[in-house]
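Worksheet: the structure to be examined is printed underneath.
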Amino acid sequence: QVQLVESGGGLVQAGGSLRLSCAASRSIFSINYIAWHRQAPGNQRELVASSTRYGDANYAASVKGRFTVSRDNAKNTVYLQMNSLKPEDTAVYYCTGGASWGQGTQVTVSS
């Protein structure tokens, strides 16, 4: 089972940016599909973005045009670049792949 560790969350003002990292314990090229989910208290879990090992990516309508997924195969790391952040982006963000979930990283966007 691959181990995934998220990092890069924090507190940011609306309109700001953050880059989340998902570090994997083995080659991410061997993992066909890696996705980012988020969940805030009282809300359903939301699929934010997904990507394949070949670079194809899809985004939820709520983040399209603001978030971008990228991969660095040499570092076994997937990134989620988040720009133009809004208060409604506040949530715990999880990296998923290879039937595994990371422990999440908190993103808080102030008004």
> Can you find a heavy atom in the side chain of Val109 that is under 4.5 Å from one in the side chain of Lys86?
Replying inline: no
> For Phe29, does its backbone N or O pair with a side-chain atom of Arg71 as donor and acceptor, under 3.5 Å?
Replying inline: no
>> Ignoring hydrogens, what is the shortest heavy-atom contact between Ser84 and Asp89? Give both atom names and the distance.
In response: O-OD2, 4.5 Å
> Quick check: does any side chain N or O of Arg19 sit under 3.5 Å from a backbone N or O of Gln81, one acting as donor and the other as acceptor?
Replying inline: no
>> Taking Gln103's backbone N and O only, do any of them form a donor-acceptor pair with Glu6's side chain (distance below 3.5 Å, no angle check)?
In response: yes
>> I want to check something: taking the side chain as every heavy atom from C-beta on, are Glu88 and Thr90 in contact at a cut-off of under 4.5 Å?
In response: no
> Between Phe67 and Tyr93, what is the ring plane arrangement, given parallel below 30°, perpendicular above 60°, and tilted in between?
Replying inline: tilted
>> Please determine whether residues Tyr79 and Leu85 belong to a single hydrophobic cluster, defined as Ile, Leu, Val, Met, Phe, Trp and Tyr linked transitively by side-chain heavy-atom distances below 4.5 Å.
In response: no
> What are the two closest heavy atoms between Val2 and Gly97, and how far apart are they?
Replying inline: CG1-O, 3.5 Å
>> Could you tell me if the side chain of Arg26 sits less than 4.5 Å from the side chain of Ile31, heavy atoms only?
In response: yes
>> Assess, by modelled atom type and distance only, whether the side chains of Asp72 and Thr77 contain a donor and an acceptor separated by less than 3.5 Å.
In response: no
>> Assess, by modelled atom type and distance only, whether the side chains of Ser100 and Gln1 contain a donor and an acceptor separated by less than 3.5 Å.
In response: yes
>> For a quick test of reading the model, state the closest non-hydrogen atom pair linking Leu47 to Ala60 and the distance between them.
In response: O-CB, 3.3 Å
>> Checking Glu46 against Ser62: is there a side-chain donor and acceptor pair closer than 3.5 Å?
In response: yes
>> Does any part of the side chain of Val92, heavy atoms only, come nearer than 4.5 Å to the side chain of Arg45, both counted from C-beta?
In response: no
>> When you measure from the side chain of Thr105 to the backbone of Ser7, do you find a donor-acceptor pair of N or O atoms at a distance under 3.5 Å?
In response: no
> Any side-chain heavy atom of Ser27 sitting closer than 4.5 Å to one from Asn76?
Replying inline: yes
>> On a heavy-atom basis, which atom in Cys95 and which in Ile34 lie closest, and how many Å separate them?
In response: SG-CG2, 3.8 Å
>> Are the side chains of Tyr59 and Thr68 in contact, using a 4.5 Å heavy-atom criterion?
In response: yes
> Is the shortest heavy-atom distance from the side chain of Val69 to the side chain of Trp36 under 4.5 Å?
Replying inline: yes
>> Looking at every non-hydrogen atom in both residues, tell me the closest pair between Leu80 and Ala49 and how far apart they are.
In response: CD1-CB, 4.3 Å
> When clusters are formed by joining ILVMFWY residues with side-chain heavy atoms under 4.5 Å apart, either directly or through shared neighbours, do Met82 and Val63 land in the same one?
Replying inline: yes
> With a 4.5 Å limit on heavy-atom distance, are the side chains of Arg53 and Ile28 in contact?
Replying inline: no
